[in-house]
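Everything quoted here is computed from the prediction, not taken from an experiment. Quick note: numbers below take in every heavy atom, side chains included, and nothing from hydrogens, waters or symmetry partners.
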Amino acid sequence: MLVSVLSLKRFSKNREFLNVFLFSIANFISLFGTSVYNFAISLYVLKLTGSGLNFATTLTISILSTVLINPFAGVLADRMSKKLLAVITDILNVTLLLVLYILTMKHTLNLPMIYVSTFFLNVFSTIYGIDVEASKPNLVSKKMLISINSASKIIESISSIIGPMVGGIIFALINIRLFIIINAFSFGISASLEIFMDFNFNYSNNKKSKENFNFFTDIIYGITYLKTRKNIISIFTIFIVLNFFIGLSINVPMPYIINNVLKLSTNFFGIIEAFFSVGMILGALIIKKVMKKYCYQKITKVMNIILSICMIVIGCSVIIHYKILNKNFYLIYFTLITLLSGIAIASIDIPLFYILQQTIPDNFRGRVLGVGSSISKIILPIALIIAGALINLTPSYILPIISGAGLYIFSMLYIKID
C-alpha cells in the first residue's frame, strides 16, 4: 500500500515537472516567434517604404490588437477547454503564416499583407497569452505556481532581449519569405508540445458551462465580478498607476535623455536597454525566496519605492551632466538604473499575478485577467502620448522627477501592509 502511495506521488510530481518543462518550451517558442516576427517585419516595412510612420504603424498594430482582443480572449479562456484553445491558436498562427507564404509565391509582400498578418498574428498570440495565464493554476500545484510565473517572466525577458537581435539578423541574412515558413514551423512545434500537457493537473471540475455564450454578455459578467472584488481592483490599480508612470518617466524620457541630452552612442544605449531585461530575469529568480519571508503588500510597496527612486535618478542625470562629462560614468549609471528597475518590476508583477491566479475562480479567471490587462495596458500608450507631447516643451528632467515623486506618494498612501 505504501509503495502504491509513493508511486502515485512520484507520478504526480513527474507530471507536474513535465507540465512546467513543456509549458516553458511552448511558451518560449510562441513569445519568441512573435517577437522576432514583429521586429523583422517592421524592419522590412521600413526598408520597403522608407517611412518611419509605417514602421511605427506596424508596431502600433501589435499593441492595439493586444489591448482590443484581451477581453474577448478572456471569454474564450473561460468558456473553452484551455488546452484546446492553446493548440488552436498556435495552429491558427501556423495557418496564417502558411497562407502568407503561399501568397508571396505569386505576389510581392506588400503593406496590406503585412498589416493584416501582423494584426491576426498578434490576435492569436494574445488569445494564447490570456489562455496560458488563466491555465497556470491548473497546470501546477499551488507551491509550484510562483515557479511557473517566474519561468514565464524569464522567458518573456529573454524573448525581449534576443527577439529584436534575431529579427535584425534574420532581416539582414535570410529572405523574409524563408523566415515566414520557419516561423510557421516553430508554432507547429509549440502546438505539438501543448498536446502532451495536462491542463487539468490541478483542476477537479472539468465541466464547462453548456449555455450558449455571448462575448459581450460574458465580458459584462467579468466586469461585474471584478467590481465586487476590492482586493482585485486594488491590484489592477497598482498595475495601471505603474504603467502610467513608467510610460511617463522611462519609456520616452530616458531614451531621449540618453540619446539627445547625454549623446551616448547607440552601442551604450543597447547595453542599457538590455540590462532592463537582465534585471527582470534576476527579479524572477529571487522573488520566490523573498515571498517566503515577506507578504506581497510589503514587497510591492518596497519595490514601487525603489522604482520611484530610479525614475527620479533618471531626471537627476540631466542636472549633473554639466559637471560630469565622462560617458562611461553614464553607462554604469544607467545600467544600474535599468537593472534595478527590471528587478523591481518583476518583483511586483510575479507576486501580484500569483495573488490574482489564486483569488479569481477558474470560471472567471480568463475574463477578469483579460479585462484587467486591457485597462492596465491601454494606459501605457496614453502615457507615451503625454510624454511625447511634453518632452520638447519642458526640461527633460521634469517628467522623470515628477513621475518618481508621484509613484512614491501613491505607494506610501495607497499600498497598505497588513
Side-chain angles (χ1 to χ4, degrees), residues 38 42 52-74 115 118-119 122-123 125-126 129-130 133 156 160 219 222-223 226-227 232-258 260 273 276 300 303-304 307-308 310-312 314-315 338 341-342 344-345 348-349 352-353 356 367-411 413-415:
N38 283 336
S42 297
L53 177 61
N54 286 326
F55 176 80
T57 300
T58 311
L59 295 176
T60 303
I61 286 171
S62 65
I63 296 170
L64 288 178
S65 58
T66 299
V67 172
L68 294 173
I69 296 300
N70 263 337
F72 301 97
Y115 287 157
T118 300
F119 176 80
N122 282 280
V123 165
S125 296
T126 298
I130 290 292
E133 204 63 52
E156 183 184 322
S160 68
I219 290 170
I223 294 170
L226 180 59
K227 286 167 65 177
I232 298 174
I233 291 174
S234 69
I235 289 174
F236 280 121
T237 301
I238 293 170
F239 282 134
I240 290 167
V241 172
L242 201 57
N243 279 345
F244 179 75
F245 284 126
I246 287 172
L248 207 61
S249 66
I250 296 177
N251 289 22
V252 174
M254 191 178 78
Y256 181 87
I257 290 168
I258 291 170
N260 293 53
E273 288 276 284
F276 178 78
T300 303
M303 290 301 165
N304 264 335
L307 194 57
S308 69
C310 288
M311 292 174 182
I312 292 169
I314 289 170
T338 52
S341 298
I345 290 172
I348 294 167
D349 280 358
L352 291 186
F353 268 103
L356 289 173
R367 275 170 285 181
V368 173
L369 290 178
V371 170
S373 295
S374 282
I375 296 169
S376 300
K377 287 178 179 179
I378 203 168
I379 202 71
L380 182 58
I382 294 171
L384 295 179
I385 291 168
I386 294 171
L390 293 178
I391 195 70
N392 290 318
L393 300 176
T394 60
S396 54
Y397 61 84
I398 294 291
L399 284 176
I401 291 176
I402 289 177
S403 299
L407 182 60
Y408 180 83
I409 293 168
F410 168 80
S411 304
L413 296 179
Y414 187 80
I415 303 173

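The closest side-chain heavy-atom distance from I238 to N304 is below 4.5 Å. Side-chain contact between F239 and D349: present, with at least one pair of heavy atoms (C-beta onward) separated by less than 4.5 Å. By the 4.5 Å heavy-atom criterion applied to side chains, V371 and F236 are not counted as neighbours. At least one side-chain heavy atom of L307 sits under 4.5 Å from a side-chain heavy atom of L242. Side-chain contact between I246 and M311 is present, with heavy atoms from C-beta onward closer than 4.5 Å.
Partners of T300 according to the side-chain hydrogen bond (donor to acceptor under 3.5 Å, both in side chains) rule, which considers only residues two or more places apart in sequence or in another chain, do not exist here. E273 pairs by the salt bridge (Lys or Arg N to Asp or Glu O under 4.0 Å) definition with nothing, not counting sequence neighbours. For the side-chain hydrogen bond (donor to acceptor under 3.5 Å, both in side chains) test, no residue two or more places apart in sequence or in another chain qualifies with E156.
With rounding to the nearest 0.5 angstrom, the OG1 atom of T394 is 4.5 Å from the CG atom of L399. Interatomic distance, CD1 of I379 versus CG of N243, reported as 8.5 Å (0.5 Å rounding). Taken to the nearest 0.5 Å, the CG atom of L352 stands 12.0 Å off from the CD1 atom of I232. Note that OG of S403 is 10.5 Å distant from CD1 of I398, once rounded to the nearest 0.5 Å. Residue I219 holds its CD1 atom at 4.0 Å from CZ of F72, rounded to the nearest 0.5 Å. Atom CG of N251 is separated from atom CZ of F245 by 14.0 Å, given to the nearest 0.5 angstrom.
Of all non-hydrogen atoms in I250 and S341, the two that sit nearest each other are CD1-OG, 4.4 Å. Residues L369 and S373 share a closest heavy-atom pair of O-OG, 2.6 Å. Closest approach of L407 to V241, counting heavy atoms only: CD1-CG1, 4.3 Å. Between G247 and P253 the shortest heavy-atom distance is O-CD, 4.2 Å.
No option in I257, I312, V252 other than I257 meets the side chain to side chain contact (heavy atoms under 4.5 Å, CB included) test with P400.
The aromatic rings of Y414 and F410 lie parallel to each other, their planes meeting at an angle below 30°, with 60° marking the opposite boundary.
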